[in-house]
Amino acid sequence: MTGQADSADLAGAAEVIRHADAADLAVAAQVARAALTLDGGEGAALVERLARPPADRRWTALVMDGGVVMASVSAKDPAVGHLDLLAVHPDARGRGHGRALVGAAEEWLRSEGATQARFAGNPPCYAWPGIDVRYTAAACLAERLGYERYHVAWNMTADLGADLSVEEEPARLAEAGVSVHAAVTDRERVAAFVREHWNENWAWEAANAAGLHYAERDGRILGFAAWGARPAWFGPMGTAPEARGLGVGGVLLRRCLAEMRAAGLSSAQIGWVGPLRFYSHAVGARAERVFWLYRRDLA
């Protein structure tokens, strides 16, 4: 969905675009790594993540030498298609690859019954909420192709060098009968809690996260926090109404961030943020990364 993409015409470019097989995806992962310079080397992991979506998702990856586009159909609204990732290798820019790949993706979406295409994340398996405004060439390409900007989303950044200790918190929570755990064999139990209180998308993210932590009291789960469902990002997290005010969310957040630091990360992206004040107060996170969401009707 982001990446430096050009718009020069390339006669006959569509003729060399093909649906990716396993070998093509491996090459596309390296193209994304080279192209997505603002994503800290995550390009390959994003291609791999998008290639393992929920079982019922209709999706494709289209490739040409030096470029890849990944697209999918919304499960919530089958008339909506998503351009999930667009990347053109730096050595292949200026040849119209971006325009050609978007056109091929739109054709595939039409064939699947979509009447609108969006440069916007398709939860629960997505790369970004929209186009990172710093990938200016991608935003310009979308606008030149007739996409309209319809929404703005943002991430917050948490520095992982900060104090993330929770030594005193478990004792305080224990006084209220609450214990905190890392989900291992009980991951599906936590996912069921997330499904019951929120939605299927968050449940999928919890089940597929790199790290998942939860709090419970008297055998009843009260809250959860996850990271790595979208590679290297934090989220989602949530606390049941009966547990709000106990400080459960802050403890679970810091446990996840500490685990991300142990995995070698120096900062964490808190993706597609809603509650700015909570994250700012809990871990000093700052609003930093902004995304424009684009859409256009498919004729």
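Keep in mind that the numbers below use all heavy atoms, side chains included, and drop hydrogens, waters and symmetry copies.
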* Would a distance-only check, ignoring hydrogens and angles, find a side-chain to backbone donor-acceptor pair under 3.5 Å from Arg149 to Trp292? -> no
* Asked: Do Tyr214 and Leu253 belong together in a cluster built from hydrophobic side chains that touch within less than 4.5 Å?
  -> no
* Closest non-hydrogen atom pair between Ala100 and Ile17, with its separation -> O-CD1, 3.4 Å
* Asked: Does the cation-pi check pass for Arg57 over Trp59, that is, NZ or CZ under 6.0 Å from the six-membered ring centre and within 45° of its axis?
  -> no
* **Where Ile270 and Ala158 come nearest, the two heavy atoms and their spacing** => CD1-CB, 4.3 Å
* Asked: Side-chain heavy atoms under 4.5 angstrom apart, residues restricted to Ile, Leu, Val, Met, Phe, Trp, Tyr: same cluster for Phe234 and Leu265?
  -> yes
* Please step through side chain to side chain contact (heavy atoms under 4.5 Å, CB included) for the pair His213 and Met237, ending with a clear verdict. => CA-CA 9 Å; His213 296 257; Met237 72 169 291; over 6 Å; no
* **Distance (rounded to the nearest 0.5 Å) between Glu259 CD and Trp227 CH2** => 6.0 Å
* Structure fact -> Residues Ala34 and Pro90: closest non-hydrogen pair is O-CG, 3.7 Å
* Structure fact -> Rounding to 0.5 Å, atoms NE2 (His97) and NE2 (His89) come to a distance of 11.0 Å
* **Heavy atoms from other residues, nucleotides or ligands near CZ of Arg220 exceed 12 (cutoff 6.0 Å)** => no
* Would you give the length of the straight line joining atom OG1 of Thr157 to atom CD of Gln269, rounded to the nearest 0.5 angstrom? => 4.0 Å
* **Same apolar cluster: Val248 and Ile221, side chain cutoff 4.5 Å** => no
* To do: Assert yes or no for the condition that the ring centre distance of Phe119 to Tyr147 is strictly below 6.0 Å.
  => yes
* Structure fact -> In short, ring pair (Phe, Tyr, Trp, His ring centres under 6.0 Å) pairs touching residues 245-278 with sequence neighbours left out are Tyr126-Trp272
* Polar side-chain atom of Asn122 near backbone of Asp84 as donor-acceptor pair, under 3.5 Å -> no
* Using the test salt bridge (Lys or Arg N to Asp or Glu O under 4.0 Å), find all partners of Asp77 that sit at least two apart in sequence or belong to another chain. => none
* To do: Write down the atom of Arg187, the atom of Leu212, and the distance for their closest heavy-atom approach.
  => CG-CD2, 3.7 Å
* Asked: Atom CG of Leu86 and atom CD1 of Ile131: how far apart are they, to the nearest 0.5 Å?
  -> 8.0 Å
* To do: Indicate yes or no for a side-chain donor-acceptor contact from Arg58 to the backbone of Glu112 under 3.5 Å, with no hydrogens or angles considered.
  => yes
* Asked: Are any non-hydrogen side-chain atoms of Val63 and Arg18 less than 4.5 angstrom apart?
  -> yes
* Asked: Can we say Glu148 and Arg296 salt-bridge, meaning some charged N sits less than 4.0 Å from an Asp/Glu carboxylate O?
  -> no
Validation: residues 174-185 side-chain donor-acceptor distances under 3.5 Å, sequence neighbours left out:
unit_1: Ser179; atom_1: OG; unit_2: His181; atom_2: NE2; d: 2.8
unit_1: His181; atom_1: NE2; unit_2: Glu216; atom_2: OE2; d: 3.4

* Are any side-chain N or O atoms of Arg286 and backbone N or O atoms of Asp159, one a donor and one an acceptor, separated by less than 3.5 Å? -> no
* **Derivation and outcome, side chain to side chain contact (heavy atoms under 4.5 Å, CB included), residues Arg33 and Leu36** => CA-CA 6 Å; Arg33 183 194 296 274; Leu36 301 174; over 6 Å; no
* Asked: If you round to the nearest 0.5 Å, how far is OG of Ser111 from CD of Glu106?
  -> 12.0 Å
* **Leu83 and Val102: CA distance, side-chain angles, deciding distance, side chain to side chain contact (heavy atoms under 4.5 Å, CB included) verdict** => CA-CA 8 Å; Leu83 297 166; Val102 171; 4.2 Å; yes
* Give a yes or no on whether the backbone of His82 and the side-chain of Arg118 come within a donor-acceptor separation of less than 3.5 Å. => no
* **Step-by-step side chain to side chain contact (heavy atoms under 4.5 Å, CB included) determination, Val73 to Leu109** => CA-CA 7 Å; Val73 177; Leu109 289 172; 4.2 Å; yes
* Structure fact -> Correct closest heavy-atom pair for Val190 and Phe224 would be CG1-CB, 4.0 Å
Listed pairs under 3.5 Å, donor-acceptor, residues 196-207 side chains, sequence neighbours left out:
unit_1: Asn199; atom_1: OD1; unit_2: Asn201; atom_2: N; d: 3.1
unit_1: Asn199; atom_1: OD1; unit_2: Trp202; atom_2: N; d: 2.7
unit_1: Glu200; atom_1: OE1; unit_2: Arg195; atom_2: NE; d: 2.6

* Val194 with Leu252, same ILVMFWY side-chain cluster at under 4.5 Å -> no
* **Nearest non-hydrogen partners of Arg172 and Leu246, listed with the distance** => NH1-O, 2.8 Å
* **From CG (Asp24) to CE (Met64), nearest 0.5 Å** => 12.5 Å
* Asked: With Trp154, which residues qualify under ring pair (Phe, Tyr, Trp, His ring centres under 6.0 Å), at least two apart?
  -> none
* To do: Answer with yes or no whether the hydrophobic clustering places Met260 together with Tyr279; edges join I, L, V, M, F, W, Y residues whose side-chain heavy atoms lie under 4.5 Å apart.
  => yes
* To do: Would you check if there is a donor-acceptor pair between the side chains of Trp128 and Asp39 at a distance under 3.5 Å?
  => yes
For residues 47-55, dump all side-chain donor-acceptor pairs below 3.5 Å to protein atoms at least two apart in sequence or in another chain.
unit_1: Arg49; atom_1: NH2; unit_2: Arg52; atom_2: O; d: 2.9
unit_1: Arg52; atom_1: NH1; unit_2: Glu48; atom_2: O; d: 3.2

